Amino acid sequence: MGKRQSAGFTYRLAALITIAVVIIALTAACGKKEENNGLQQGGETKEAASKKEGEGQDDLLNKFRATVKQAKEAADIVSFLNENMGKAGQSNADIMIRELNAFYQTDLTRTQDQFYQPNVQEILLAGEQPITAANAASFEDKAVRQLVVTKLSGGYRLEQAEGTIFPIVDYAMQQKFSAFLSDALKQYVALKAVESSKPAAKDAGLVISWDDLAERAVMAESFVSDYPDSPERAEVLQLYTDSYLPMYIYGLNNTPIFDYETYKLKPETKASYEKLQRDHPNTVTAETVKRFLEVLAGTGGRVYENKEGMQTKIAAVQRFHERFQADARSQLESK
């Protein structure tokens, strides 16, 4: 009898264990199903939110383009960007900055003409320099005051050269939007901001150091190499081959690379060339400078020679001058 009771107890215990296991399995399955359902529902909610966000960004872009179309001043567009850039999304932010810069291309001539209207130059030149939104408030002439304030708030800045004050695009202003832009456009704005904040040359002379000019050349070269598909690449390539690089190789009328007495390369220019090769050895700029120094090594360091009291070209230097820009362009375009 004891054995039968023991067997019955064991059977009932096994059955209870089996039932418990089934219940646990079913509970886990239900929980997993509910979890999956929740994820599915959450995924649908996230997808719906993403779709709504995309529609909102498209609507914002349409509003922006309407603003550009109706804008009489760049200030209207900049005001829109100040209020909405954070909601645009990277792709649309790039579009907006590019369309702002396209507006400048057509508006700059009109804006510059406005600064040559009667009395404008006289009033500006008599004011505190450089002209900012703060000191523009001191202009007694209401029309000139309004002109300056409107242009500055629209992303222009005022430069002075050869006794004239004129507007240029202030790319440094656009850097406040950099966090919303693609890497390529961010670098483009940074490159342009360096030049608009402090132009490399004024009045036929260099106003930055040779080393700073070299860094700008390398910065432009790097952009061309790093972003071959950028819509701004052709512009930056031209800036490099037609501006920075020739300034660095030729110098300027009021900042020559050579001494007028000996026609030899100036020590400070040569030092900059050598520094460039050390700091940026694998660049087209460094290679160009290296070849130039090799040519000058064969001329005793002379860029020109004195013949009967006249500055005269040296054949080897002339051949280099005729080719270095095209060679640099070819090297960059082949990358």
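Worth saying up front: this structure is predicted, and the values here are computed from it rather than measured.
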Practice item. Indicate yes or no for a side-chain donor-acceptor contact from Thr150 to the backbone of Leu147 under 3.5 Å, with no hydrogens or angles considered. Key: no
Review point. Does the pair Arg110/Asp113 count as a salt bridge with the N-to-O cut at 4.0 Å?
Key: no
Review point. Quick one: does Leu108's side chain get under 4.5 Å of Gln112's, heavy atoms only?
Key: yes
Practice item. Any chance you could lay out the salt bridge (Lys or Arg N to Asp or Glu O under 4.0 Å) test for Glu322 and Arg319, step after step, and finish with the verdict? Key: CA-CA 5 Å; Glu322 289 172 350; Arg319 285 194 296 272; over 6 Å; no
Point to revise | Chi angles and distances behind the side-chain contact (heavy atoms from CB on, under 4.5 Å) call for Leu81, Phe180 | key: CA-CA 11 Å; Leu81 294 178; Phe180 309 113; over 6 Å; no
Exercise for review: Answer yes or no: is there a donor N or O on one side and an acceptor on the other, between the side chain of Ser230 and the main chain of Tyr227, under 3.5 Å?
Suggested key: no
Check your understanding: Are any of the side-chain nitrogens in Arg233 or Glu235 under 4.0 Å away from the carboxylate oxygens of its partner?
Key -> no
Point to revise | Pair Glu268 + Lys275, salt bridge at N-O below 4.0 Å | key: no
Check your understanding: Parallel, tilted or perpendicular for Tyr248 and Trp210, by the 30°/60° rule?
Key -> tilted
Exercise for review: Determine, step by step, whether Leu61 and Met96 satisfy the side-chain contact (heavy atoms from CB on, under 4.5 Å) criterion, reporting the C-alpha distance in whole Å, the side-chain angles of both residues, the deciding distance to 0.1 Å, and the verdict.
Suggested key: CA-CA 8 Å; Leu61 183 59; Met96 290 176 174; 4.3 Å; yes
Point to revise | SB check Lys192 Glu195 (cutoff 4.0 Å) | key: no
Practice item. Using the ring-ring contact (aromatic ring centres under 6.0 Å, His included) rule, pick out the option among Phe103, Phe177, Phe64 that qualifies with Phe80. Key: Phe64
Review point. Would Glu215 and His280 count as having a side-chain donor-acceptor pair, cut-off 3.5 Å?
Key: yes
Check your understanding: Is any side-chain heavy atom of Asn135 closer than 4.5 Å to a side-chain heavy atom of Thr132?
Key -> yes
Point to revise | Heavy-atom pair of closest approach, residues Val148 and Ala136 | key: CG1-CB, 3.6 Å
**Study point:** Point-to-point distance, once rounded to the nearest 0.5 Å, from CG of Asn282 to OG of Ser225
**Key:** 11.5 Å
Practice item. Determine yes or no for a side-chain-to-main-chain donor-acceptor pair under 3.5 angstrom, with Ser330 supplying the side chain and Asp327 the backbone. Key: no
Check your understanding: With no hydrogens and no angle check, is any side-chain donor or acceptor of Asn306 less than 3.5 Å from a backbone partner on Thr262?
Key -> no
Exercise for review: Could you tell me whether the side chain of Thr111 and the main chain of Asp107 form a donor-acceptor pair under 3.5 Å?
Suggested key: yes
Practice item. List the atom of Gln311, the atom of Tyr260, and the distance in Å for their closest heavy-atom pair. Key: OE1-CE2, 4.0 Å
Review point. Taking Arg98 for the side chain and Ile95 for the main chain, is one N or O donor matched with an acceptor at less than 3.5 Å?
Key: no
Review point. Considering all heavy atoms of both residues, which atom of Ala190 and which atom of Met219 are nearest to each other, and what is their separation?
Key: C-CE, 3.7 Å
Study note, to complete from the structure: Output for pair (Leu60 CG, Asn84 CG), nearest 0.5 Å, gives 5.0 Å
Revision key, fill the gap. The reported gap from OG1 in Thr288 to NZ in Lys290 (rounded to nearest 0.5 angstrom) is 11.5 Å
Practice item. Taking the side chain as every heavy atom from C-beta outward, state whether Gln70 and Asp76 have any atom pair closer than 4.5 Å. Key: no
Review point. Would Val120 end up clustered with Ile168 when hydrophobic side chains under 4.5 Å apart are linked, directly or stepwise?
Key: no
Review point. Does any donor atom in the side chain of Tyr116 or Thr164 lie under 3.5 Å from an acceptor atom in the other side chain?
Key: no
Exercise for review: With the side chain counted from C-beta on, respond yes when Asp226 and Gln187 share a heavy-atom pair under 4.5 Å apart, and no when they do not.
Suggested key: no
Exercise for review: Is it possible for you to say whether Val169 and Ile165 belong to one hydrophobic cluster, with membership spreading through side-chain heavy-atom contacts below 4.5 Å?
Suggested key: no
Check your understanding: Stepwise, does the salt bridge (Lys or Arg N to Asp or Glu O under 4.0 Å) test hold for Glu159 with Lys202?
Key -> CA-CA 10 Å; Glu159 283 290 325; Lys202 283 185 182 180; 2.7 Å; yes
Revision key, fill the gap. Looking only at heavy atoms, the pair that brings Ala74 and Tyr104 closest together is CB-CE2, 3.6 Å
Check your understanding: Would you call Pro256 and Lys266 a side-chain contact if the rule is heavy atoms closer than 4.5 Å?
Key -> yes
Check your understanding: Between Ser334 and Gln331, which heavy-atom pair has the shortest distance, and what is it?
Key -> OG-O, 2.8 Å
Check your understanding: Should Leu191 and Tyr171 be marked as a side-chain contact (heavy atoms from CB on, under 4.5 Å) after you check the CA-CA gap, both sets of side-chain angles, and the distance that decides it?
Key -> CA-CA 9 Å; Leu191 187 152; Tyr171 287 93; over 6 Å; no
**Study point:** Side chain to side chain, Leu293 and Gln277, heavy atoms closer than 4.5 Å
**Key:** yes
Check your understanding: For Phe223 and Tyr240, what are the C-alpha separation, side-chain angles and deciding distance, and is it a ring-ring contact (aromatic ring centres under 6.0 Å, His included)?
Key -> CA-CA 10 Å; Phe223 181 90; Tyr240 174 75; over 10 Å; no
Exercise for review: Using modelled atom types only, decide if a donor and an acceptor are shared between the side chain of Glu287 and the backbone of Thr283 within a distance under 3.5 Å.
Suggested key: no
Check your understanding: Can you check whether Tyr263's main-chain N or O pairs, donor with acceptor, with Arg302's side chain at less than 3.5 Å?
Key -> no
Check your understanding: Stepwise, does the ring-ring contact (aromatic ring centres under 6.0 Å, His included) test hold for Phe115 with Phe166?
Key -> CA-CA 7 Å; Phe115 281 79; Phe166 54 92; 9.3 Å; no
Practice item. Measure the OG-CE distance between Ser197 and Met173 for me, rounded to the nearest 0.5 Å. Key: 11.5 Å
Review point. Can you get from Val194 to Leu158 by hopping between Ile, Leu, Val, Met, Phe, Trp and Tyr side chains that sit under 4.5 Å apart?
Key: no
Review point. Any chance NZ of Lys176 has more than 12 other-residue heavy atoms, nucleotides or ligands included, within less than 6.0 Å?
Key: yes
Review point. What's the spacing between His321 NE2 and Gln325 CD if we round to 0.5 Å?
Key: 9.5 Å
**Study point:** In one Ile/Leu/Val/Met/Phe/Trp/Tyr side-chain cluster, 4.5 Å: Ile131, Tyr156
**Key:** no
Point to revise | Donor-acceptor contact present, side-chain Asp203 to main-chain Gly205, <3.5 Å | key: no
Check your understanding: Looking only at atom types and distance, does a side-chain atom of Thr255 sit under 3.5 Å from a main-chain N or O of Leu206, one as donor and one as acceptor?
Key -> yes
Exercise for review: Test Phe324 against Phe292 for ring-ring contact (aromatic ring centres under 6.0 Å, His included), laying out the working first.
Suggested key: CA-CA 9 Å; Phe324 77 90; Phe292 188 34; 7.7 Å; no
Check your understanding: Is it the case that one hydrophobic cluster holds both Val295 and Ile257, taking links as side-chain heavy atoms less than 4.5 Å apart, direct or via other members?
Key -> yes
Exercise for review: Among Thr241, Leu239, Leu332, Val284, find the one that has a side-chain contact (heavy atoms from CB on, under 4.5 Å) with Val224.
Suggested key: Leu332
Review point. Tell me, do Asp141 and Asn119 make a side-chain contact under 4.5 Å, heavy atoms counted?
Key: no
Revision key, fill the gap. Nearest heavy-atom approach of Val207 to Pro199 is CG2-O, 2.9 Å
Point to revise | Side chain to side chain, Asp212 and Ser209, heavy atoms closer than 4.5 Å | key: yes
**Study point:** Spacing of OG1 belonging to Thr285 relative to CZ belonging to Arg216, to within rounding of 0.5 Å
**Key:** 14.5 Å
